[in-house]
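What follows is one structure encoded as structure tokens, with my remarks underneath.
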Amino acid sequence: MNAVERPSALEPLRSPSSARTLTISIRLAVSALVLTAILLTAAASSLLWWRTAESISRQLASTINEQIVAAVRKEVSAIIGEARAAHTAVRTLFLQNVLDTREADKREFVFLSQLQSQATISWVAFGWPDGSFFAAHKLGDGRLEMMEISKTDRVGQRRIDEYQVIPGDIEFETRRFEPTDFSVTKQDWFKSGMEAKGPQWFGVVDHPIGPRPSIAFAGPIDVYQERQGVLAIIIEYTRLSRFLAQLEVGRTGTAFILGASDELIAAPDKDADELHPAHSRIDLLPLARMALTLAGDDGRKEAWRRRLTLDGAAYEVALTPLPFTGWSLATVIPEAEFLGPVETTLRRLIIGLAVGALLAALFSAMLARSVIAAPLARVVGEIRHVESFALDQVRRHPSRLAEISSLSGAIAEMAQGLSAFRKFIPADLVRSLLRQGVEAKPGGSIQELTVMFIDVAGFTGLSERMGDRVVPLLSRYLDVASEVIVAHRGTIDKFIGDAVMAFWGAPTAQAEHAMLCCRAALACREAIEAAGVRDDQGNPLQIRIGINSGRMLVGNVGSELRLNYTVIGDAVNVASRLEGANKHYETQILIGAETKRLVERGMITREIDRIAVYGKTEGLAVYELIDSAQQTDRDTGSAWIADYEEGLQKYRMRDFRGAICCFEVVLRQRPHDRPSELMLDRCRLLEKSGVDDGWSPIVALQSK
């Protein structure tokens, strides 16, 4: 009787086969899928781990080699370019008769200035046909020397003046005379230069201070068609060794620069300079020379890679031609650095997958019953709570599974309520637009608003150093900045990497949009400092902020498929450029003239300069936001600002001497005020060089 009644009682709901299908779908089917996926993954990993390990090893070695090659090629190109530029600059002074080769004072100033301005140059030297010789020489990073061997002096004696490098200047220390047997007329670069039509590259070993392997860009100097002598710009190889030491070639790998005859040009040495010869680790040098032998002429013309062994160990060795005749870069990376850890990791993964498969076989049924069915029911309730903020287009998909059917119905109902606003992403912005009845279609209006850009100073270098470890730091910074912006009633437009774009005055009108934005900027600076956000070197995270007010288009910008509620216009572009201008002036918050006008009663500002931002030709006034008027000590807080702005006015009136005095007064009050330092240097230069009638006190920024 029971066997007959049971089917008839259940028939209106589902058939017996349907009941069995329901049980299989939730319990057995999910368990089987989980177990099958784990077993297939384990099997595939077991079969392919050797190939994967080898592929990853080659890929990592190739990636590191490409990065090193790019860095070295860039450095060699920069060295060549600096040498050519220095030679051209000095040669032009001689040719235009601005500087006579025998004018000792001017010649000394020009040679020393070239050494200071070009980081890779070791010597600036000049030789005369009568055997006289004059040169400026670096002594590491902190000292310089000027030497002269004159025909009128006693034979075999040279005069040496030593200088100490101080910030922005040099200071004379000592003068001495030393015996020497150096003769410039015996040097190949001088003899060839006297006969040549233009400058050429030479290998140089002999110097007045002794043998120092170097390269020289040397050429003749003719004035009024009369050959005066030979000018040489010399770079010692120790500068290249020092640069190579900054590169990370794995943990134990290294890189070498080899010359046309397989001679060692440079190997990593962080202490090498003009005072300290290179004492490099060259135990892997035989591999580099072996690679050159195997590669032959092809290795001098194009990139070459090979797996080589030395003393039973395998290495990835790569050769790459450099932008200097006959030079090649050789990188040597132990294969064990990459293959060993990968093998260990893959073995552990296989073991873990096997254990996971066993555990999955035991608990898959319990997982399907307790973790799938019950959460599905809870998801239905959670989705109903956010119906008014979801963005989706859904159709009902009837299912014999009660949980899936219920979830489908909930999502469909939610989609019906929000289908018109599926193009808006930020939930808080959607709420505001819904309240105002703004339709989700392209359009906008011109309004007076204030926009702000924030980014992290030096983020490119920080991200290169930290890699994926930068994500938590970036998230923390963005959390703090977002909280401050929202607390000051701002609208966050978008995140662009480490940059945050926000605006005030829309979608809700705000009469004090500029004041709210400036308060948010000051609060961001304080909040990030208070939060203790620090970079990988333990330094507090530094931010740069650009703010500008003006008329701009605000509304839904985009297409029918995707919209963004944003602001666009020239005032927005200026704010972005002001943020970038902070880098030049080493400030934190720069604002435009209109923003300054709107907040001048409530904020302390100072005019920094008048600039033409990148992409624009006309000048605009730029102001630094110092603090709110309520927080600044009225007795002492603004005195230096008045001194700075007085100096700025005198600078614009071409009273450079008066401006210098004003900026020096500011620096006595604020010793590290970078804008004052920049203006002081600029005024000194203009006072010395003079200006013509077409001079304008507008500085054009050359980058964004």
Side-chain angles (χ1 to χ4, degrees), residues 79-151 153 158-166 168-178 180 182 184-185 187 189-190 193-194 199 201-202 204 206-209 212 214-223 227-236 238-239 273-275 685 688-689:
I79 289 174
I80 294 172
E82 288 186 2
R84 291 180 181 273
H87 192 279
T88 300
V90 178
R91 179 174 177 270
T92 300
L93 293 176
F94 287 138
L95 292 181
Q96 298 300 323
N97 208 25
V98 176
L99 173 67
D100 188 90
T101 60
R102 297 291 183 175
E103 288 183 285
D105 292 340
K106 290 184 179 180
R107 183 184 61 217
E108 179 176 293
F109 172 82
V110 170
F111 282 24
L112 288 176
S113 65
Q114 287 298 319
L115 281 190
Q116 288 182 283
S117 61
Q118 308 288 1
T120 58
I121 293 177
S122 302
W123 295 78
V124 180
F126 192 93
W128 286 268
D130 64 1
S132 298
F133 175 79
F134 185 81
H137 179 220
K138 266 182 192 163
L139 300 174
D141 293 331
R143 302 175 69 82
L144 302 170
E145 67 176 356
M146 186 71 69
M147 64 182 64
E148 182 175 11
I149 302 174
S150 177
K151 183 180 179 182
D153 292 340
R158 64 188 175 108
R159 173 177 62 84
I160 303 170
D161 295 338
E162 286 194 8
Y163 300 83
Q164 181 179 4
V165 177
I166 60 177
D169 202 353
I170 58 174
E171 185 175 273
F172 176 80
E173 285 194 339
T174 61
R175 168 174 290 182
R176 68 181 187 276
F177 294 86
E178 292 182 355
T180 182
F182 178 82
V184 69
T185 57
Q187 304 303 310
W189 61 265
F190 180 86
M194 286 295 294
W201 286 100
F202 299 88
V204 181
D206 295 328
H207 296 280
I209 61 172
R212 304 286 289 181
S214 317
I215 54 173
F217 188 66
I221 299 298
D222 296 332
V223 178
R227 185 142 298 183
Q228 304 294 314
V230 178
L231 172 67
I233 307 298
I234 303 173
I235 298 101
E236 296 185 11
T238 51
R239 286 282 165 178
D273 58 21
E274 289 79 5
L275 290 175
L685 181 61
K688 183 175 181 179
S689 63

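None of these values were measured; they are calculated from a predicted model.
Rounding to the nearest 0.5 Å places CD1 of I79 at 14.5 Å from CZ of F217. Distance check, rounded to the nearest 0.5 Å: CD1 of I209 to CZ of R158 gives 7.5 Å. Once rounded to the nearest 0.5 Å, the distance linking CH2 of W128 with CD of Q228 reads 10.0 Å. Distance check, rounded to the nearest 0.5 Å: CD of Q116 to OH of Y163 gives 11.0 Å. To the nearest 0.5 Å, atom CG of residue D206 and atom OG of residue S214 are 10.0 Å apart. To the nearest 0.5 angstrom, D161 atom CG is 10.0 Å from M147 atom CE.
Within the 4.5 Å cutoff, the side chain of E82 has no heavy atoms near those of the I233 side chain. Side-chain contact check for I149 versus V184: every heavy-atom pair is 4.5 Å or farther apart. Using a 4.5 Å cut-off on side-chain heavy atoms (C-beta onward), F126 and I221 make contact. Here the side chains of H207 and I234 are in contact, with some heavy-atom distance below 4.5 Å.
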Evaluate side chain to side chain contact (heavy atoms under 4.5 Å, CB included) for R212 paired with T238, printing each intermediate quantity in order. CA-CA 9 Å; R212 304 286 289 181; T238 51; 4.1 Å; yes
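E178 has a carboxylate O that lies under 4.0 Å from a charged side-chain N of R176, or vice versa, which qualifies the two as a salt bridge. A salt bridge links D141 with R239; the closest basic N to acidic carboxylate O contact falls under 4.0 Å.
The two residues L99 and R107 make their nearest non-hydrogen contact at CD1-N, 3.5 Å. T185 and F190 get closest at one heavy-atom pair: CA-CD2, 3.7 Å. The two residues A216 and V204 have their closest heavy-atom pair at CB-CG2, 3.5 Å. The shortest heavy-atom contact between G219 and H87 is N-NE2, 3.4 Å. F202 approaches A218 most closely through the heavy-atom pair CE1-O, 3.7 Å. Between Q114 and A89, the shortest heavy-atom distance links the atoms NE2-CB, 3.9 Å.
A donor-acceptor pair is defined here as one N or O able to donate and one able to accept, closer than 3.5 Å; such a pair exists between the side chain of K138 and the backbone of I121. A donor-acceptor pair under 3.5 Å is formed between the side chain of R227 and the backbone N or O of M194. Checking side-chain atoms of S132 against main-chain N and O of S150 turns up no donor-acceptor pair under 3.5 Å.
Environment of CZ in R91: sparse, with no more than 12 heavy atoms of neighbouring residues, nucleotides or ligands closer than 6.0 Å. Applying the 6.0 Å contact sphere to CG of D105 captures no more than 12 heavy atoms from other residues, nucleotides or ligands. The environment of F109 atom CZ is sparse: at most 12 non-hydrogen atoms of other residues, nucleotides or ligands sit within 6.0 angstrom.
You'll find the ring centres of F111 and F134 inside the 6.0 Å limit.
Below 30°, between 30° and 60°, or above 60°: for H137 and W123 the angle between ring planes is below 30°, a parallel geometry.
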